[in-house]
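Down below is the structure, laid out as structure tokens.
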Amino acid sequence: MASLRDAFKSKIQSLREDVDRLVAEHGDKVIGESTVAQAYGGMRGLKCMVCDTSVVSPKDGLILRGKPLSELTHLSPEETFYLLLTGDLPDAAASKDLQDELAARSTVPGYVFDTIKLQPKTSHPMAMLTMAVLALEEQSKFRARYNEGISKGDYWEPVLEDSLDLIAKMPTIAAAVYRSRYGLGDFIDRNPNLDWSANLTHMMGVPDETGTLGDLTRLYLMIHADHEGGNVSANLCHTAGSALSDSYYSVAAGLSGLAGPLHGLANQECLRFHLGIMERFGKVPSKDELKDYAWEVLNSGRVIPGFGHAVLRDTDPRYTALHEFAKKACPDAELFKLSHVMYEVIPGVLTEHGKAKNVNPNVDALSGVLLYEYGVTQPRFYTAIFGVSRALGMLAQLIVNRALKTPITRPKSVSTAWIKEQVGAK
Ligand code: HAX
């Protein structure tokens with residue numbers, strides 16, 4: 001089977017022809033409309049962008065290149081990247097080829113480590129990770145080729161180069177952020193005998209005698225990689241990339257959005273929520289106790305982290321994948337038992353509350369619980385692990401868009417006065 005680069009290259013011509021034909025023949029057909037509520041409401045549900053790497057179905061959740069997540073959780077994150085970019089599952093040779101390629105690109109320049117070390121101990125790991133990604137921008141091959149006058153049809157090639165370089169380095173810089181931020185001593189060298197995700201936990205230096213943290217990390221990095229194009233991180237990366245900002249700038253933009261508590265930071269918030277409950281009750285609370293606590297949170301104007309979703313209307317299959325993992329790996333862990341009580345109680349409370357359109361758990365409801373159980377006990381780091389994974393999806397989307405020569409993003413904003421005039425409001 002072809003290497004990632006050749007596999008993707010072989011598809012570009014037909015991809016371009018397909019889209020060109022679609023736009024030429026059907027460019028004026030309406031696929032959606034925008035309402036006043038959508039214009040003021042975060043453009044929720046507005047159909048005005050394209051993403052072919054994955055689709056999120058309100059009922060079935062994440063579907064990667066036509067395949068439901070539940071059929072893909074055995075994949076490594078690297079294989080997932082191959083699938084996202086090319087639409088095909090790699091065979092063993094293509095998979096090994098990609099592993100070797102990432103290993104060969106993994107060396108991080110010393111000044112990036114210095115940048116990480118210079119950050120104060122109060123910095124958030126997401127700020128440190130984003131800064132490290134920006135520090136790597138100096139190496140951008142796309143920027144260098146653009147300055148030399150590369151033709152538009154070839155943009156995707158150095159964007160792919162930059163993306164592979166960045167993906168290869170993400171575990172190393174994330175692990176360096178972890179060790180620096182939590183004062184854990186010297187950085188740990190990459191182990192050439194381990195794969196991309198195993199190297200993340202190895203370089204973080206978290207003991208993993210049973211190998212369960214390694215298995216969890218692999219699953220975590222697989223399920224968080226992509227969630228179609230409209231979520232905040234993917235959308236930000238896409239928008240920055242549409243201005244021909246290179247992979248480093250674009251991923252840094254996406255990571256900045258991932259750092260928000262309503263998006264990627266929810267895993268941190270969710271674990272803190274669990275720990276707060278354990279502290280308050282000194283045990284896993286009963287269903288009634290938890291119900292009262294949930295109402296206390298809602299009545300104080302806060303959200304219950306780990307529940308609800310902007311698109312999903314059923315339980316997140318990423319949550320289900322983690323739940324299956326936890327049932328096998330740590331059925332008796334106190335925090336897992338608590339998350340189970342939450343699963344039984346919170347949907348009912350949110351239904352009674354009457355606001356959330358989806359009352360079911362999302363991926364963040366369990367991811368932090370598991371990381372905590374297996375020795376990553378610093379919740380503020382969780383979103384950084386999410387960021388390592390989300391880089392795969394953001395970059396796959398970015399490369400596809402450069403291959404399709406997608407133009408600069410520029411929706412039209414309108415003023416409140418204009419809307420009032422349109423709808424005849426006073
Ligand atoms: N707890 C309390 N209220 C909630 C809620 C929750 N878990 N989920 C939604 N609501 C509220 C909203 O705040 C909103 O209230 P207002 O009308 O007062 O503004 C109302 O219900 C309608 O919201 P919605 O249309 O159902 O949901 P949104 O698309 O506006 O928001 C969110 C989706 C994920 C941001 C929301 O469900 C939320 O805040 N959940 C908790 C935080 C969380 O778990 N985020 C992670 C989501 C997954 C993800 O992106 N990970 O990266």
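Worth knowing before you read on, the calculation uses all heavy atoms, side chains too, and leaves out hydrogens, waters and symmetry mates. Numbering of ligands and ligand atoms starts at 1, following listing order.
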Can you tell me which residues line ligand 1 if we count any heavy atom under 4.0 angstrom from one of its atoms, in chain and number order?
-> R44, L262, H263, G264, A266, L298, V303, I304, P305, G306, F307, G308, H309, A310, L350, K355, A356, K357, N362, D364, F386
Would you call E289 and K283 a salt bridge, using N to O less than 4.0 angstrom?
-> yes
Apply the test ring pair (Phe, Tyr, Trp, His ring centres under 6.0 Å) to residues H309 and H227: give CA-CA distance (whole Å), side-chain angles for both, the deciding distance (0.1 Å), then the verdict.
-> CA-CA 12 Å; H309 201 273; H227 217 228; 5.4 Å; yes
Checking S300 side chain against V297 main chain: does a donor-acceptor pair fall under 3.5 Å?
-> yes
Can you measure from CE (M126) to CG (L129) and round to the nearest 0.5 angstrom?
-> 6.0 Å
Atom CD1 of I63 and atom CG of D226: how far apart are they, to the nearest 0.5 Å?
-> 12.5 Å
Residues forming a salt bridge (charged side-chain N to carboxylate O under 4.0 Å, His left out) with D165, sequence neighbours excluded | R105, K141
